[in-house]
Amino acid sequence: MAMSKESVLKAARELVEFINRGPSPYHVVEECKRQLLEKDFVELKERESWNVKPGGRYFVINNFSTIIAFAVGGQFKPGNGFTMVGAHTDSPCLKIKPRSNRGRCGYIQVGVECYGGGIWHTWFDRDLKLAGRVVTRCRGLSHNLVHIDKPILKIPNICIHLARDVHNQFAPNKENHILPVLATTVQQKLEKPVSVSSCTPPSTAGNHHSLLIAILSEAIGCNPDEIMDFDLHLADTQPAVIGGALDEFIFAARLDNLFNCYTGLQGLMNSLETLDSDTNIRMVALYDNEEVGSSSVQGAGSSFTEFVMRRLSVGGSSVAYEEAIPKSFLVSADQAHCIHPNYPEKHEQLHTPFLHGGPVLKINSSQKYATTALTSAILREIASKADVPLQEVVVKNDSSCGSTIGPIMATNLAVRTVDIGSPQLSMHSIREMACTTGVIQAIRLYTSYFNNFTEVDSSIHY
């Protein structure tokens, strides 16, 4: 299937817009919710009874940072399977500490935690903003999205004259050197922002500098003493863009893994035309906390997915859920490392994925990835139906290997799983790099997967 330059750039620009709207997992889920509602999906609540019907479209949210969207096949019966794509909404970042009021040498600074395995030196000298959620107390506890979309923080580098060896090795101490600057005490005294000295428990406003609290309360429209707690992420103010001399690259934060959140969701929505004939439930699950191991209520390691799947299997035999599992399949979608032109020796010489070369099957004999020969063959067959090329990656024997939600979910659910991702460079940097063709390739692959999985699965001889 041919790809025109126009269609490639259209898909890439829509991904760029999605990334720019998702500076935190909470904003990512909110944007997914907005798109799903436009496609007539219905939100379900965990605490309520569900009335799910064949042909229906639904989604459920956990912690405001994880979302599972699903469309029920028109021929679905309890005991039939689940056709799933899994990805994650979080990315390595800096998060504000519970008590963040720091300062030295006349500077007002903000204490932060390093979340995930970021390339932290890339966060220096960037113009940083804040995004996340704030919980307020106003006629009950309320969840509030906040996005301070301007450069209010910066982590300044040490100048070359004071650190002559910085060219040889830049290894900042994460506790002492990664302290963003918010303001100077001189200017703060002149401006006299709102005082938080009167904020008493249960408000936590007093744990932070009054200037930070003033910014948050103004953005939300609340009083400082109504701020109970928050989960705030620092993010780069520079927006995602299409780049390169030939408009073939995407330069952006959080490509890992908003790329697959977006393309997986588009694949599900694009496949709705064939939903009436499907016997399975088509599902996209986007989880928080993958970058720190997935061991949370909203992470892929929790029972949340199983509970959803069990609720959808009610109405058949007493073992309908257990019958559904061997009919199910998971595509664990997370970005892949393509070959780096400046470090080619870091890649296994026969497994060197390229930009534009298609999605990458991830294989690891130590089960850091969940791909098997059978699950790989199934996805290859599905990809061929959409004319989407696939690549493979294997790490060198003398290199360590990352992991994904794939092995976690394969273990917890006992479901067949394949690990895949689009090729990119600079993974876990504050500014990553992918290719424009990868977007439409991934969307076509996931659309074909939802459209064709049950047919391909039924052709397997066991």
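Values reported hereafter were calculated over all heavy atoms of this structure, with side chains retained and with hydrogens, waters and symmetry mates removed. When a residue number appears, it is its place in the shown sequence, counting from 1.
- With hydrogens and angles left out, the side-chain atoms of N412 and E306 include no donor and acceptor closer than 3.5 Å.
- For the pair K327 and D457, the salt-bridge criterion is not met [side-chain N within less than 4.0 Å of a carboxylate O].
- One finds no salt bridge joining K396 and E345 here, because no Lys/Arg side-chain nitrogen approaches an Asp/Glu carboxylate oxygen to under 4.0 Å.
- Donor-acceptor pairing under 3.5 Å is lacking for the side chains of T279 and N80.
- Side-chain atoms of Q391 come within 3.5 Å of backbone N or O of F354 as a donor-acceptor pair.
- Listed by chain and residue number, nothing satisfies the ring pair (Phe, Tyr, Trp, His ring centres under 6.0 Å) test with H233 (two or more places apart in sequence, or in another chain).
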- Task: Apply side-chain hydrogen bond (donor to acceptor under 3.5 Å, both in side chains) to the pair Q266 and E14, showing each step before the final yes or no.
- Result: CA-CA 10 Å; Q266 298 308 305; E14 289 172 350; over 6 Å; no
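- Evaluated for a side-chain contact (heavy atoms from CB on, under 4.5 Å) with L379, the options L374, V331, T371, V388 yield exactly one hit, V331.
- If you run side chain to side chain donor-acceptor pair (under 3.5 Å) between D256 and each of H428, Q424, Q335, only H428 comes through.
- Taking the six-membered ring where tryptophan is involved, the planes of W123 and W120 are tilted, since the angle between them lies from 30° to 60°.
- No donor-acceptor pair closer than 3.5 Å links the side chain of R282 to the backbone N or O of V85.
- Residues satisfying the side-chain contact (heavy atoms from CB on, under 4.5 Å) criterion with S295, sequence neighbours excluded, are absent altogether.
- Remark: aromatic rings of F59 and F41 are distant, center separation not under 6.0 Å.
- Ion pairing between R34 and E30 fails under the 4.0 Å rule for side-chain N and carboxylate O.
- When each of K95, K97, R133 is paired with D231, the salt bridge (charged side-chain N to carboxylate O under 4.0 Å, His left out) condition holds for K95 and for no other.
- Between the side chain of D236 and the backbone N or O of L128, no donor-acceptor pair lies under 3.5 Å.
- Ion pairing between K10 and E6 fails under the 4.0 Å rule for side-chain N and carboxylate O.
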- For side-chain hydrogen bond (donor to acceptor under 3.5 Å, both in side chains), just list the numbers for T404 and D334, CA-CA rounded to whole Å, side-chain angles, deciding distance to a tenth of an Å, and then say yes or no. CA-CA 7 Å; T404 67; D334 206 347; 5.6 Å; no
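- Between K154 and D125, none of the side-chain N atoms (NZ, or NE/NH1/NH2) sits under 4.0 Å from a carboxylate O, so this pair counts as no salt bridge.
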- Task: Apply the test side-chain hydrogen bond (donor to acceptor under 3.5 Å, both in side chains) to residues T274 and S277: give CA-CA distance (whole Å), side-chain angles for both, the deciding distance (0.1 Å), then the verdict.
- Result: CA-CA 6 Å; T274 64; S277 61; 5.4 Å; no
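- Donor-acceptor pairing under 3.5 Å is lacking for the side chains of N280 and T454.
- Residues satisfying the ring pair (Phe, Tyr, Trp, His ring centres under 6.0 Å) criterion with F64, sequence neighbours excluded, are H143.
- Applying the ring pair (Phe, Tyr, Trp, His ring centres under 6.0 Å) definition to pairs two or more places apart or across chains, those involving residues 259-312 are F18-Y262.
- Across A324 and F82, no two heavy atoms sit closer than the pair CB-CE1, 3.9 Å.
- Between E31 and K33 there is no salt bridge, since no side-chain nitrogen of the basic residue lies less than 4.0 Å from a carboxylate oxygen of the acidic one.
- The only member of N270, T263, N451, N260 that meets side chain to side chain donor-acceptor pair (under 3.5 Å) when paired with Y446 is N260.
- T417 places a side-chain N or O within 3.5 Å of a backbone atom of V415 that can act as its donor or acceptor partner.
- In terms of modelled atom types and a separation under 3.5 Å, the side chain of S426 and the main chain of S429 share no donor-acceptor contact.
- The 12-atom threshold is exceeded at CG of N173, counting heavy atoms of other residues, nucleotides or ligands nearer than 6.0 Å.
- Without hydrogens or angle criteria, T447 side chain to I443 main chain gives a donor-acceptor distance under 3.5 Å.
- At least one donor-acceptor pair under 3.5 Å links the side chain of E432 to the backbone N or O of L255.
- Using modelled atom types, one side-chain atom of N364 and one backbone atom of K368 make a donor-acceptor pair closer than 3.5 Å.
- In this structure, the side chain of S448 does not engage the main chain of R444 through any donor-acceptor pair within 3.5 Å.
- Contacts of H356 classified as ring pair (Phe, Tyr, Trp, His ring centres under 6.0 Å), with partners at least two apart in sequence or in another chain: none.
- In this structure, the side chain of D229 does not engage the main chain of V135 through any donor-acceptor pair within 3.5 Å.
- In this view, H347 satisfies the ring pair (Phe, Tyr, Trp, His ring centres under 6.0 Å) rule with no residue, not counting sequence neighbours.
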